[in-house]
There are 2 protein chains.
Amino acid sequence: MKAPGSTTAVAGATGTSPSEGGERKSINPELWYGCAGPLVSLPPVGSLVVYFPQGHSEQVAATMQKDVDVQIPNYPNLPWKMICLLHNVTLHADPETDEVYAQMTLQPVNTNDKEAFLASDLSPKTNRLQTDFFCKTLTASDTSTHGGFSVPRRAAEKIFPPLDFSMQPPAQELQARDLHDNVWTFRHIYRGQPKRHLLTTGWSLFVSGKRLLAGDSVLFIRDEKQQLLLGIRRANRQPTNISSSVLSSDSMQIGILAAAAHAYANHSPFTVFYNPRASPSEFVIPLAKYNKAIYSHQITLGMRFRMMFETEESGT
Amino acid sequence: MKAPGSTTAVAGATGTSPSEGGERKSINPELWYGCAGPLVSLPPVGSLVVYFPQGHSEQVAATMQKDVDVQIPNYPNLPWKMICLLHNVTLHADPETDEVYAQMTLQPVNTNDKEAFLASDLSPKTNRLQTDFFCKTLTASDTSTHGGFSVPRRAAEKIFPPLDFSMQPPAQELQARDLHDNVWTFRHIYRGQPKRHLLTTGWSLFVSGKRLLAGDSVLFIRDEKQQLLLGIRRANRQPTNISSSVLSSDSMQIGILAAAAHAYANHSPFTVFYNPRASPSEFVIPLAKYNKAIYSHQITLGMRFRMMFETEESGT
DNA sequence: TTGTCTCCCTAGGGGAGACAA
DNA sequence: TTGTCTCCCCTAGGGAGACAA
């Protein structure tokens, strides 16, 4: 068991250490958003949001594969949308796969509270990252057992600390932290004919530790303290299909609806998980965004918000 | 993607193949019971069982770590126990960890149907394995990178095909299927001074593929067709703490209770997952066993069935 | 009987420039 | 500019008996 706080794990701390449960410290938001992709945004804490129980249920149905199509009981007191106050958002990453997700605490509010409605303005506070970063899709050579990672020239010059070109060849040691605050160490060298930037020593441990394959992407961010952050985005592989082994998907569906109905009846807070890369539909959206869509007739009753599909190039 | 049916994967089919979802064919019951441990038994299909919603809820609470202690709504129509007909049992194994679990379809029955009660006799139909098998807890040497697996003499002679002792040294190739029907190939050799049975080539791939550590156990079974089956039992490590990323534990708790209440009200079937190694309490037990306990005053209202703790030696 | 050590030897992998797209 | 190949070298690890618990 490591001490909490900054774990200065030596290079080669294979991320597969199965002993650590949960996250030791809070996830870096820039890195989280980087891994989530350019199209993902979360409503700000304290704002009003619209929660769609049905959309939420669909995310879970998409994550699990439904086993049987048992009828779900009706929840007559459950509306198709609920105006909620977003109390809390915590960012998470699966310790096994580095998959990012968010936990949100919602509290249903009185719908006829006109004041609250007006308070939610349309300030486009894009809490998205503006920091310097680069994202590269891994080639077959990058993930092969022979040799390291070929760093695009522009990317290396923009993100990495400058090399001392008086050395022959110019090289340095890079340290980068992943979502779990593990430190990965790489040898960054500028060599070859023609010259190019490469990550050699340490790279293969990262690839095997994160179980990366050609087609997956890596993401380097230089934060405001000039520290390097390191994330991954996996290619869209099969939907994991974690058949749960804990709860039937029926019970999950029911659980979502019953929890929402209970919270709605009591105006009590409840908790949802939002997995930006797994789900096709957003089920928690800013009230302002919803209102705007309503009033510009872009949405009609029964329609749902759908996330645009990410393109391969996005965020590169 | 492999063809369904018997996949004659070559030795070294690392079980970590992340592409296969679900099981291709039904799990071998003998192997499943072997991996589950000697104290686990499942009620026979078609029999009457007692289902405890609270015990079920506790298993899930034990599997997840509860994040917040939000109050669970009351389900006034939900009794503390439900007599159910066990419609169906399917055996499963987690494709990542090989953890065994069972899926059961239950249907609440009319409690005042005396006839059904009497029909559930106490025939101790122990559907447990009587086949030849051995189970060994892995030593540091067994899991080290240098060398293979030391097979206990009695075990090798009882389970493995006999060696041809005219060879020098006597050796053969063994093939064994795991829970997912993957074939693992090992070189079985009798050598050393003093002589002993060893598994060499192929063993380290198995250890790394299953991510076995010293203290975990392996299990070899010879079935009625003289085929070798191969399973694992992991040492009791930390409770995985899969913080789900899908559903809050509150929603799960609610889902269990609401699903049970719904099924109870409508006499409709519902599905539960039973994880024998994760949960401290059984929540589906044969009605006959329950009645026997009741009538011999071994159980009182409010008590729950608890599984004995397995000892390290059990099943060896 | 079997767990651990050490020794030996080889296969696989890291690290380099060549070469071409 | 950068993806792939091949070559070279070295080390991690498999496979063997020694030895002791």
Side-chain angles (χ1 to χ4, degrees), chain A residues 11-12 14 134-158 160 167-173 185-209 212-218 316, chain B residues 11-12 14 134-158 160 167-174 184-209 212-218 316:
Chain A
T14 47
F134 81 88
C135 180
K136 183 194 176 189
T137 300
L138 297 178
T139 66
S141 298
D142 289 330
T143 54
S144 93
T145 55
H146 285 251
F149 173 68
S150 184
V151 189
R153 171 166 242 261
R154 307 295 191 85
E157 291 170 349
K158 187 173 63 163
F160 293 163
M167 299 170 69
Q168 203 44 243
Q172 65 182 334
E173 186 181 77
T185 306
F186 305 105
R187 177 174 167 85
H188 169 209
I189 191 169
Y190 185 70
R191 64 163 172 79
Q193 201 51 250
K195 293 274 178 286
R196 89 279 309 276
H197 291 269
L198 296 165
L199 298 186
T200 57
T201 313
W203 174 252
S204 73
L205 282 171
F206 179 70
V207 169
S208 59
L212 295 173
L213 301 176
D216 297 337
S217 301
V218 291
T316 314
Chain B
T14 47
F134 81 87
C135 179
K136 183 196 175 189
T137 300
L138 298 178
T139 66
S141 297
D142 289 330
T143 53
S144 93
T145 54
H146 285 251
F149 172 69
S150 183
V151 190
R153 172 168 244 262
R154 309 294 192 84
E157 291 170 350
K158 186 172 66 163
F160 294 163
M167 299 170 66
Q168 204 42 247
Q172 65 183 331
E173 186 181 77
L174 293 184
W184 299 87
T185 307
F186 305 105
R187 177 172 167 84
H188 169 209
I189 192 168
Y190 185 71
R191 64 160 171 82
Q193 200 50 254
K195 293 274 178 287
R196 89 278 311 272
H197 290 269
L198 296 165
L199 298 186
T200 58
T201 313
W203 174 253
S204 72
L205 282 170
F206 179 70
V207 169
S208 58
L212 295 174
L213 302 176
D216 296 338
S217 301
V218 292
T316 315

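Per chain, numbering begins at 1; letters A, B, ... match sequence-line order. Quick caveat, the model's predicted, so the values are computed rather than measured.
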Given protein heavy atoms under 4.0 Å, the one-letter contact record of nucleotides 13-21 of chain D, with B base, S sugar-phosphate only and - none, is simply BBBBBBBB-
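- Among the candidates A:Arg153, A:Arg154, A:His188, the single residue satisfying the side-chain hydrogen bond (donor to acceptor under 3.5 Å, both in side chains) test with A:His197 is A:His188.
- Considering only side-chain N and O atoms, B:Ser141 lies nowhere under 4.0 angstrom from the phosphate OP1 or OP2 of C:dG3.
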Dot-bracket for DNA chain D, 5' to 3', Watson-Crick and G-U pairs with both distances under 3.5 Å, [ ] for crossing pairs, | for partner on another strand, reads |||||||||||||||||||||
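- Atom pair A:His188:NE2 and C:dG15:P shows a separation of 14 Å (rounding to whole Å applied).
- Side-chain N or O atoms of B:Lys195 include one that pairs as donor or acceptor with a backbone N or O of B:Gly192 at under 3.5 Å.
- Atom OG1 of B:Thr185 is separated from atom CD of B:Glu173 by 5.0 Å, given to the nearest 0.5 angstrom.
- With D:dT4, C:dT2, C:dG3 as the candidates, the nucleotide lying closest to the side chain of B:Pro152 is C:dT2.
- Aromatic ring orientation, B:Phe186 versus B:Trp203: tilted (interplanar angle from 30° to 60°).
- Taking 4.5 Å as the limit, some side-chain heavy atom of B:Val218 sits within range of a side-chain heavy atom of B:Leu138.
- Side-chain N/O atoms of B:Lys136 include one lying less than 4.0 angstrom from OP1 or OP2 on C:dG3.
- The CZ-C1' distance, from A:Phe149 to D:dT4, rounds to 16 Å in whole Å.
- Here B:Ser150 does not reach the OP1 or OP2 of C:dT1: none of its side-chain N or O atoms lies under 4.0 Å away.
- Between A:Phe149 and A:Phe134, the angle of the ring planes stays under 30°, which puts this pair in the parallel group of the 30/60° scheme.
- Checking side-chain atoms of A:Asp142 against main-chain N and O of A:Ala214 turns up no donor-acceptor pair under 3.5 Å.
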Run the side chain to side chain contact (heavy atoms under 4.5 Å, CB included) test on B:Val151 and B:Phe160 for me, step by step, so that the C-alpha distance in whole Å, both residues' side-chain angles and the decisive distance to 0.1 Å come before the verdict. CA-CA 10 Å; B:Val151 190; B:Phe160 294 163; 3.7 Å; yes
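- Across the interface with DNA chain D, nearest-nucleotide mapping of A:Arg153 and A:Ala140 shows A:Arg153 to be the residue nearer the 5′ end.
- Remark: B:Arg187 engages B:Ala171, B:Ile189, B:Thr200, B:Thr201 in a side chain to side chain contact (heavy atoms under 4.5 Å, CB included) (not counting sequence neighbours).
- Atom C1' of nucleotide D:dT2 and atom CG of A:Leu198 are separated by 10 Å, given to the nearest angstrom.
- Rounding to whole angstrom units, CG of residue A:Asp142 and C1' of C:dG15 are separated by 15 Å.
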